[in-house]
Every structure is written in C-alpha cells, then in structure tokens.
Amino acid sequence: MLLRMLWQSLFEGRRRKALAALTVALSATLVTTLFALSVDVGDKMAREMKSYGSNIRVTPKSETMSLVVGGVDYNPLKDKETLAESDLWKIKDIFWRNNIVGLAPRLTAPVTVQVGGRDGAGKASVIGTYFDQRVPLPDDAQYRTGVRTINPFWEVAGAWPTEPDPDDTAAQVETVLVGAALAERLGVAAGDRLTLAPRGEGVTADPRSVTVSGVLRTGGPEDNAIVAPLALAQALTGLAGRVQAVDVSALTIPENELSSKARRDTGDLTAEQYDSWYCSAYVSSIAHQIEEAIVNAAARPVWQVAAGEGAVIGRIQTLLLVVSLAAVAAAAMGVSALMNTTILERAREIGLMKALGAAGWEIHALFLGEAGLVGLIGGAFGVLCGWGVAQAVGWGVFGSGVDMPLITIPIVLVISVLTVLVGSILPARTITRLHPVEVLHGRA
Amino acid sequence: MAPMDQLAVARTRDAADATPDARREVIGAEGLGRRFGTVEALVDVTFTVRQGDFLAIMGPSGSGKTTLLNILSLLDAPTSGSCRLDGIETATLSEADRVVIRREKVGLVFQTFHLIPYLSAVENVMLAQHYHSIADRDEAFAALERVGMGHRADHLPSQLSGGEQQRVCIARALINAPALILADEPTGNLDADNEARVMDLLDSLRHEGRTIVLVTHNPELGARADSILRLQHGRAV
Ligand SMILES: Nc1ncnc2c1ncn2[C@@H]1O[C@H](COP(=O)(O)OP(=O)(O)O)[C@@H](O)[C@H]1O
Ligand SMILES: [Mg+2]
C-alpha cells in the first residue's frame with residue numbers, strides 16, 4: 001500500500017518535482033564530470049604535462065663529464081660508461097611500473113655527413129633513440145615506447161623513421177630525421193640521401209647510407225643533430241647493445257617533507273618512513289627504484305619539472321573538489337526550498353493521514369521516499385550528462401575521451417539521493433509539527 | 001493501564017454486556033472544557049452516548065461544535081474534565097496513544113471531503129484499512145457498494161462530484177467497523193439532493209446499529225437524531 005502510494009504520489013506536483021530533479025541533475029552532472037575528470041584526468045593531466053619532457057634521467061654511475069660542443073661530443077665512449085640496452089625493460093618492471101609513461105634511450109655518435117650527389121661533408125652528431133620501439137616486457141611482449149610517447153610535442157615535417165624490430169638482427173636502419181637547424185645548414189629535406197661516416201679515435205665502423213624521412217623540430221639540441229633509430233648510432237659507434245642515457249617519463253605525486261628528507265639521504269629515514277616513501281610515487285622513490293633495478297645506473301630526477309607537475313595536479317584536484325561540494329550544497333538548498341513548498345501545499349493530505357491514524361514514520365517514509373526517487377532520477381540524468389560533459393572536456397582539452405570508472409555511477413547516485421534527503425530534513429520537521437485539526441476543518 | 005490493555009478489557013466486556021436495555025456506553029463526557037489561551041471554547045460539557053445512538057450536536061457558528069468533535073475524535077485533548085471512549089479514559093492519553101485509539105475506535109467524516117487526490121476511491125478506503133490493519137480491496141469495494149459508489153471505485157476524487165466524494169468518505173469511516181462515527185457538518189458543502197442522499201445514508205447506518213455523532217447547524221437534520229446536544233458559547237444549553 002505504502003509503495004503504491006509512493007508510486008502514485010510521485011506524479012503529484014510533477015512540475016515542482018521535475019524542477020527538483022533538474023536541480024539534482026545539475027549538481028550530479030558537475031559531480032560526475034569532476035569525478036570522471038579528477039580520476040582520469042589526474043593521470044591525463046600528468047601525461048599532458050609529460051609532453052614537456054621526461055622527469056628522470058638515467059645514466060651510468062661512472063659517466064664522466066662528456067665534452068659536448070655544438071652538439072658534437074668530443075669525449076669518445078667506452079663500454080663502462082654506457083648502460084646495456086637489454087636492461088631497459090627493467091625500468092618498466094619496478095614497483096611503480098604503471099606510473100612509467102615511457103622511456104627513450106640516447107646514444108650519440110659523432111659523424112661526418114655527406115649529402116647524396118653533392119661534394120663536401122660536414123660534422124654532426126647522430127642521436128640514436130627509440131621513436132616507437134617495441135620493448136618486450138615480461139608481461140607485455142608488445143609494449144612500445146620512445147620519444148613519440150615521452151616527447152609528444154616533437155614536430156616532424158615528413159615521416160617518422162622506420163625502426164628495425166629488436167628480434168630482426170639483420171634489419172638495417174634506412175631512414176633518419178634531420179633537425180630543423182641542421183637541415184637548413186645542410187640544405188636537405190625529406191627524401192634526400194645522406195652518407196654518415198663515423199668520426200673519432202679508434203672507431204672502425206663502416207659509413208652508412210640513409211634516407212631523410214623527415215625534418216624534426218623540438219626546440220632543443222635535437223634541432224642541430226640527426227635523430228635516428230638507436231641501432232644506427234650503435235653501429236656508427238661500435239657500441240652494439242649499449243646506450244649512454246635513458247630519459248624516463250613518470251607520473252609522480254607532489255614532493256613533501258618526507259620526500260625532501262629522503263632526497264637528502266635515505267639513511268636518515270626510519271624504517272617506517274622509508275617504507276612509506278618507497279611505496280609512494282615520489283619522483284625520488286621512482287628514481288631510487290630504477291637505480292635498484294639496473295646495476296650501475298644513476299637515476300636523477302629532473303627536479304623543476306617533477307615537483308611542479310605534482311603540485312599543479314594536486315591543486316587542480318582540490319579545486320574540483322571544492323566546486324563539487326559547492327554544487328551539492330546548492331542543490332540541497334534548492335531541494336529544501338522546493339520540498340518545503342510541497343509539504344505546505346500537501347498539508348491537508350498530511351493532516352488527513354494523521355487523522356486516519358498514520359504513524360509519523362509512515363508519512364515521513366512517503367515524502368522522503370518520494371524525495372529519494374526524485375533524487376535518483378535526477379542523479380541518473382546527471383550521470384548521463386556528466387559523462388557527456390566529461391567526454392566533451394576530454395576531447396576538447398586532451399584530444400581523447402575520458403574513461404569514467406563504473407564506480408562513479410553508484411557513487412553519484414548515492415550522493416544525489418543523500419543531497420535530496422539532507423535537503424528534506426528541515427522541511428520534513430513540518431510534517432511532525434503539523435496538527436490535523438489545523439488543516440482538516442474549514443476554518444484553517 | 002496502557003491503552004492497548006484498555007482496548008483488550010473493553011473487548012472482553014463487550015461480549016459479557018449484551019442486554020439491550022443496559023446498552024454499552026460509547027462516550028462518557030464529564031465536565032469537558034477546552035480553552036485556547038483566554039478563549040473558553042468549551043465549558044463544562046457533560047453527556048453520554050450509548051451504542052446505537054444518533055446524537056446531533058447543534059449550535060451557531062463559533063459555539064464550540066468542532067472543538068468538541070475534535071476532542072471526541074481524539075484529534076485534540078480537553079484542558080479539563082474527562083472523556084471515556086468505549087470505556088477508555090482518553091483525556092490524559094499521550095498523542096501517540098490517541099493515534100492508536102483513534103484508528104481503532106473512530107470513523108471520521110469532514111465537512112470538506114478530504115480524499116487523497118492521487119488515489120482512486122477504493123484506494124482511499126484501503127488507506128484507512130492500511131493504517132488500521134491490512135488493506136483488503138474486496139472489503140473496501142464492498143464498503144463502496146454499501147454507500148452506492150461501487151461503480152465509481154476506480155475513479156479519482158477529481159472525477160467525482162462533492163456528494164460522491166462525501167459518500168466515499170463515509171465508506172472510509174465505516175471500513176474498520178469503528179465504535180463511533182463522527183461527522184462534522186458532512187452536508188455543509190453539498191446541494192440539497194446530495195444532502196438528502198448523505199443523510200439517508202447516515203439514517204440507514206443508524207438503523208444498522210451504528211453509533212453516530214453528527215455536528216450540524218441545520219435544524220432539519222438535527223431533527224432526525226435521537227437526541228440533540230445544543231451548544232452556546234461553549235456551554236450545553
Ligand atoms: N485552535 C484554536 N485556537 C484559538 N481559538 C480557537 C481554536 N479553535 C477554536 N477556537 C475558538 O473556539 C471557539 C469555538 O470554535 P469551533 O469549535 O470551531 O466552533 P464551531 O465549530 O461551533 O463553529 C471559537 O471562538 C474559535 O475561535
Ligand atoms: Mg465548525
């Protein structure tokens with residue numbers, strides 16, 4: 001009976017209920033949007049900021065100062081000053097592997113460049129790296145990474161070079177990128193052929209002929225170099241299977257007191273502090289774990305970038321939270337006003353129910369049940385809209401959709417229902433106070 | 001004694017006390033008074049209603065008729081005096097206990113019809129059953145038949161005329177077989193035709209042995225009653 005009443009009275013005062021549902025829907029839309037954005041966008045935003053470069057640089061521990069003048073490295077490399085390329089997957093195997101967005105190795109080979117069909121040659125460096133190289137991981141044989149992931153802002157006029165598959169040892173590097181400044185100096189464009197001869201003492205590798213697939217613009221030293229698949233630089237230096245450094249892009253949380261203490265010396269931490277630091281995604285603890293994973297590696301955070309990122313994301317999330325809370329509070333107040341009018345309007349009905357012997361809780365159950373349903377409907381509507389808005393924001397700002405975790409749906413519905421119920425508390429007290437004699441007789 | 005115990009006692013006595021001459025007392029009001037601040041709405045009213053009685057309470061507007069009816073129906077409590085309803089002393093009950101006794105003992109009919117607008121006629125009757133015990137559609141339908149409204153059982157109040165709505169209210173007042181039916185100017189908002197139908201209905205209920213207290217200021221209607229209680233400025237005259 002109570003349920004039937006609930007159902008039938010739901011359609012009473014439809015306009016006001018629609019208005020209440022709309023109010024709730026608006027706040028639910030906001031909450032859903034913000035929820036979806038702060039869960040997915042926390043990551044997305046961090047990834048987006050990663051486009052301004054990596055935040056951890058891994059080098060051999062013994063690396064002596066390299067002597068680089070105008071993009072040309074004058075300090076010939078030795079084996080012990082490099083890392084094994086075959087160790088790189090270990091960076092994606094640390095405790096915080098899911099926070100590693102990508103990595104790109106570096107190996108610089110000094111060369112003399114001769115442009116096909118022309119006389120004369122110039123000096124330059126070949127920077128070998130991964131563009132979008134397959135790096136087989138224990139749990140993901142198809143994992144691909146490289147500068148295209150960690151430096152998405154690199155611009156190429158033309159095509160990216162083709163990288164040989166790591167399993168295909170016979171494959172040769174055929175294509176390279178030429179930095180914009182160097183391309184201008186050499187007067188080359190996509191499609192030109194270059195002959196690259198190794199330069200430097202004791203290097204006996206054969207010259208290599210390659211095609212320029214595109215011209216690269218980064219705003220960094222790469223603009224003055226030839227950027228090629230790693231295998232080419234290894235061939236030109238005779239350092240097969242070695243890399244000089246690895247740039248790692250990791251998602252991190254803001255630095256705090258604990259992490260600064262750890263930065264000074266992990267020995268200063270108590271065992272408990274150490275555990276807590278180790279299990280948090282500070283840039284310093286991720287760097288530390290990389291050092292543990294790769295023998296003889298030194299991983300140094302690129303501080304300015306890393307610290308700033310974490311702080312900005314934290315601030316944005318706080319902002320989202322505050323706006324959500326304000327929206328929910330506003331909705332509760334709006335519903336409260338609407339509910340108040342409803343109850344006053346239906347005072348006769350309430351008085352009649354009381355006169356017929358209804359217990360207070362039954363009347364409360366009817367009105368709160370109705371309010372709850374209105375909240376549920378508004379909330380459901382809001383989830384849909386919020387999902388849409390989140391997608392729109394995702395596409396607008398990040399150029400991709402936003403993954404909304406399914407848990408958002410029940411959470412937002414519960415928040416909506418609670419909003420309405422909280423908004424109904426004060427009006428519902430009128431029900432308790434209402435005396436049937438005041439409303440049932442003609443006089444009132 | 002707790003009200004529910006009193007109910008039980010009243011029920012057992014019900015069975016023992018069957019002689020028609022010593023008809024059971026349904027209302028025993030003694031020295032009832034009700035004041036609202038300085039307004040004495042009711043002063044020292046004493047009367048008895050026995051089972052099967054049809055009492056009319058009459059008096060000019062503002063004489064305290066509704067105030068008295070509110071006390072009899074346990075919607076309000078007197079500020080002085082005592083009032084037994086079917087053997088239970090009600091003047092001192094708490095509000096929660098009054099609710100319990102009211103839905104057990106009293107059927108109410110108001111001047112304005114007071115039906116729940118979004119429930120059909122039969123559902124409005126069932127609501128009273130629901131608050132009393134358990135809703136039973138067949139029984140509710142039978143009560144509507146009794147007041148000649150069986151054919152409109154599934155209509156909403158807005159689809160019924162005033163007279164028809166009032167008959168639904170009477171069916172609702174009957175449904176739980178209350179010890180007492182209280183009607184406050186039930187025909188006050190009706191035209192002559194409908195007034196006649198409603199009064200005939202009350203008459204036939206009285207002949208079935210129902211106990212009825214009717215408030216009216218229409219002398220013609222008052223004349224139909226067994227006895228009349230006249231009020232003037234809150235006093236019985
Ligand atoms: N809740 C109340 N507060 C103050 N005065 C009241 C209240 N109810 C009734 N009265 C007063 O009591 C008197 C009797 O009212 P009422 O019982 O409604 O008269 P009747 O029903 O005979 O017209 C009136 O003077 C009225 O103003
Ligand atoms: Mg009156």
Side-chain angles (χ1 to χ4, degrees), chain A residues 1-18 20 339 341-371 373-374 377 429-444, chain B residues 34 36 61-62 65-67 69-71 73-77 95-96 98-120 123-137 140 156-157 169 172-173 175-176 178 182 184-185 188-189 215:
Chain A
M1 187 76 204
L2 204 58
L3 284 181
R4 185 209 306 272
M5 270 191 94
L6 186 58
W7 176 246
Q8 278 165 234
S9 76
L10 189 61
F11 298 100
E12 277 294 290
R14 254 165 284 190
R15 192 163 344 134
R16 184 161 322 111
K17 274 174 198 153
M339 189 74 182
T341 325
T342 302
I343 286 178
L344 289 180
E345 236 181 44
R346 290 172 70 180
R348 276 161 173 268
E349 196 183 305
I350 295 167
L352 175 64
M353 288 190 241
K354 284 190 167 184
L356 290 178
W361 71 265
E362 280 185 292
I363 304 175
H364 278 98
L366 178 67
F367 278 83
L368 294 183
E370 245 183 87
L373 280 177
V374 167
I377 293 168
R429 291 199 339 203
T430 319
I431 297 179
T432 315
R433 281 200 301 265
L434 191 125
H435 215 277
V437 291
E438 290 162 13
V439 290
L440 288 182
H441 298 292
R443 178 180 45 215
Chain B
R34 178 68 165 102
F36 298 102
S61 191
K65 306 183 297 292
T66 297
T67 305
L69 210 69
N70 284 340
I71 292 171
S73 62
L74 305 183
L75 289 170
D76 195 10
E95 178 139 10
R98 288 208 307 259
V99 171
V100 175
I101 306 289
R102 178 167 65 239
R103 68 178 176 224
E104 269 323 299
K105 299 284 180 192
V106 184
L108 283 168
V109 182
F110 304 98
Q111 175 174 356
T112 42
F113 318 118
H114 294 310
L115 292 168
I116 305 272
Y118 47 87
L119 295 181
S120 66
E123 285 167 340
N124 264 287
V125 176
M126 287 163 71
L127 186 63
Q129 287 180 307
H130 167 74
Y131 290 139
H132 177 267
S133 46
I134 283 177
D136 178 338
R137 182 175 278 269
L156 290 175
C169 290
R172 183 177 61 193
I175 189 68
N176 297 318
L182 295 171
D184 190 356
E185 308 203 30
N189 285 359
V215 166

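Chain identifiers are assigned alphabetically (A, B, ...) following the order of the sequence lines, protein sequences preceding nucleic acid strands; residue numbering begins at 1 within each chain.
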In Å, rounded to the nearest 0.5 Å, how long is the span from CG of B/Leu127 to CE of A/Met353?
7.0 Å
Interface check, chain A: of B/Leu119, B/Leu108, B/Val106, most non-hydrogen pairs under 4.5 Å belong to B/Leu119
Return the set of residues passing side-chain contact (heavy atoms from CB on, under 4.5 Å) with A/Arg433 (not counting sequence neighbours), or none when no residue passes.
A/Arg429, A/Thr430
So which residue, B/Met126, B/Glu123, B/His132, ends up with the most heavy-atom pairs under 4.5 Å with chain A?
B/Glu123
Out of curiosity, A/Leu366 CG to B/Ile116 CD1, how far, rounded to the nearest 0.5 Å?
8.0 Å
Counterpart residues, side-chain contact (heavy atoms from CB on, under 4.5 Å), relative to A/Glu362 (two or more places apart):
A/Ala358, A/Ala359, B/His130, B/Tyr131
Tell me, do B/Asn70 and A/His435 make a side-chain contact under 4.5 Å, heavy atoms counted?
no
Specify the closest pair of heavy atoms between A/Leu356 and B/Arg103, including all atoms of both residues, with the distance to one decimal.
O-CB, 3.7 Å
Minimum heavy-atom distance between B/Leu75 and A/Pro436, given as atom pair plus value
CD2-CG, 3.8 Å
Whether the side chain of A/Arg348 engages the backbone of B/His114 through a donor-acceptor N/O pair (distance < 3.5 Å, no angle test) should be reported.
no
